[in-house]
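All remarks here apply to the structure that follows.
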Amino acid sequence: MKVVRKSAKITMKYEKVAFLKVHKAGSSTAQNIFLRYGYSRNLMFVLPKVRKGHYDNVISQGTSLNEDNIVPPSKNKTFDILCCHVLYNRKAFQKYVPGKTAYIGIVREPFEQFLSTLKYFRPPYIFKNIKELNPVLKYLQNPMKYEKAYSYTNNRMALEFDFPRHLFTNYTRKESQAYLSKIDNEFHFVIIMDYFMESIVMMRRILGWNVKDVLFLKKNSAKKYWFIGHRYRNLYERFAKLDYDLYNFFYRRLWEQIRLEGINFQLELEYFKNLRQEVEDYCVKEVTMENPYLVPVSLWNVAFNVTRGDCTLLMMGEADFVSLVRKRQSKNDSKRR
């Protein structure tokens, strides 16, 4: 399917964002961008209800937004930013983050996402139930023998993008492509984790944000398994058809969007790579330097400072940042009463 996308030359600026935070797809790094953007402007976040047996920074791992899993907005206020884990559903997202909202997703090369899932979740139906010297290889030879219909290793990215449930057991390429055409019209941009730098520069242009808004430091990166090889990849690709359809579709879309931007995009990309590294050095290595780091004017930004306070937010972990936002929104809500 050929993807045709108009150039992202800025015609409007998006203040509101609904970010689909996909598990083990580099989404914590991207999430920090949206947390900082909203926090610096005192915007209203969609936050998870605090519930026993649930992570306080996760809305839901099995459903979309509803009254049972989110903290209601303050009186006479609407939500501006959604960036905590929850499954996508167009109607639910529109209900809770209405108006001129940018829909942003993220995907990762499916086998790499699978390996990260194994490393993080250590699913028991593989590592405990399969009594083999190499349980992962045994699993990949016949996944549905051990797999649940919906889990963290069965086309998880497609599940979080709300692909029709019957496709997980009765795949057809035609229906998969039809659904991709649907979400192609719903998402303004989808980050490709494997090309994160290119994605963030492209996203900045689409959102109409400042360069400072999209600076980032890497989060939750982990070492890979030693057994990566074509045999494993080929076995997994035959199983994870929906995830590969999803990834390949938005991979092609990203590079078509970049192509339409012309040479100026490549110039900004090189500038941003260097700037991001300079900011990381300032925040991580030059910790004794109290003066702000001055970023001079360029073709893509006005001059701005990176302060120690900015560094604190750039380096803050997901759970701590969501807790910080929760405390401020609760305090603001109390003042309004």
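Numbers for residues simply follow the sequence, beginning at 1. Since the structure is predicted, the reported quantities are computational estimates derived from the model, not experimental observations.
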Are there more than 12 heavy atoms of other residues, nucleotides or ligands under 6.0 Å from atom [atom1] of [X]?
X	atom1	value
Gln141	CD	yes
Phe304	CZ	yes
Gln277	CD	yes

Whether [X] side chain and [Y] backbone form a donor-acceptor pair below 3.5 Å:
X	Y	answer
Thr29	Lys218	no
Lys119	Phe114	no
Thr101	Pro98	yes
Asn274	Glu270	yes
Ser199	Tyr195	yes
Asp310	Thr307	yes
Asn301	Val297	no
Lys95	Leu65	no
Arg231	Leu137	no
Ser151	Glu147	no

Stepwise salt bridge (Lys or Arg N to Asp or Glu O under 4.0 Å) test for Glu268 and Lys273: CA-CA 9 Å; Glu268 181 180 348; Lys273 285 180 179 178; over 6 Å; no

So, [X] and [Y]: side-chain donor and acceptor under 3.5 Å apart, yes or no?
X	Y	answer
Ser323	Asp320	no
Asn57	Glu318	yes
Tyr293	Glu278	yes
Glu186	Tyr88	yes
Asn32	Arg36	yes
Tyr139	Thr153	yes
Asp245	Ser176	yes
Glu175	His166	yes

Salt bridge check: are [X] and [Y] linked by an N-O gap of less than 4.0 Å?
X	Y	answer
Glu286	Arg308	no
Glu280	Arg276	yes
Arg259	Glu256	yes

Determine whether the aromatic ring centres of Phe216 and Phe196 lie less than 6.0 Å apart. yes

With ring-ring contact (aromatic ring centres under 6.0 Å, His included) as the criterion, how do Tyr14 and His188 come out once you've worked through the C-alpha distance, each side chain's angles and the decisive distance to 0.1 Å? CA-CA 11 Å; Tyr14 289 95; His188 294 83; 5.0 Å; yes

Over all atoms of both residues, closest heavy-atom pair of [X] and [Y]:
X	Y	value
Val295	Val306	CG2-CG2, 4.3 Å
Pro110	Tyr236	O-CE2, 3.5 Å
Arg51	Pro48	NH2-CB, 4.0 Å
Phe168	Ala158	CZ-C, 3.9 Å
Leu82	Val46	CD1-CB, 3.8 Å
Tyr179	Asp162	OH-O, 3.0 Å

Does the pair Phe189 and Leu254 meet the rule for a side-chain contact (heavy atoms from CB on, under 4.5 Å), with working shown? CA-CA 8 Å; Phe189 186 66; Leu254 169 66; 3.8 Å; yes

Out of curiosity, [X] [atom1] to [Y] [atom2], how far, rounded to the nearest 0.5 Å?
X	Y	atom1	atom2	value
Thr117	Glu112	OG1	CD	11.0 Å
Met193	Met157	CE	CE	11.0 Å
Asn305	Lys212	CG	NZ	7.0 Å
Ile104	Lys21	CD1	NZ	15.5 Å
Ser28	Phe321	OG	CZ	12.5 Å
Ile106	Glu160	CD1	CD	11.0 Å

[Y] and [X], any side-chain heavy atoms less than 4.5 Å apart:
X	Y	result
Asn69	Ser60	yes
Val322	Asp56	no
Arg326	Val71	yes
Val107	Phe249	no
Asp194	Arg108	yes
Phe250	Ile192	yes
Val214	Leu207	no
Phe79	Ile70	yes

Using the rule that Ile, Leu, Val, Met, Phe, Trp and Tyr join whenever any side-chain heavy atoms are under 4.5 Å apart, tell me whether [X] and [Y] fall into a single cluster.
X	Y	result
Tyr146	Leu118	yes
Trp300	Ile258	yes
Met202	Ile263	no
Met197	Phe34	yes

Apply ring-ring contact (aromatic ring centres under 6.0 Å, His included) to residues Phe111 and Tyr244 and explain how you reach the verdict. CA-CA 9 Å; Phe111 187 66; Tyr244 273 98; 8.5 Å; no

The single option from Val211, Asp213, Ile33, Asn210 passing side chain to side chain contact (heavy atoms under 4.5 Å, CB included) against Arg204: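 Of all the options given, the one that passes is Val211.
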
Is it the case that [X] places NZ or CZ above or below the six-membered ring of [Y], under 6.0 angstrom from the centre and within 45 degrees of the axis?
X	Y	result
Arg328	Tyr39	yes
Arg90	Tyr103	yes
Arg253	Tyr251	no

Walk me through whether Ile81 and Met44 qualify under side-chain contact (heavy atoms from CB on, under 4.5 Å). CA-CA 6 Å; Ile81 305 285; Met44 180 69 67; over 6 Å; no

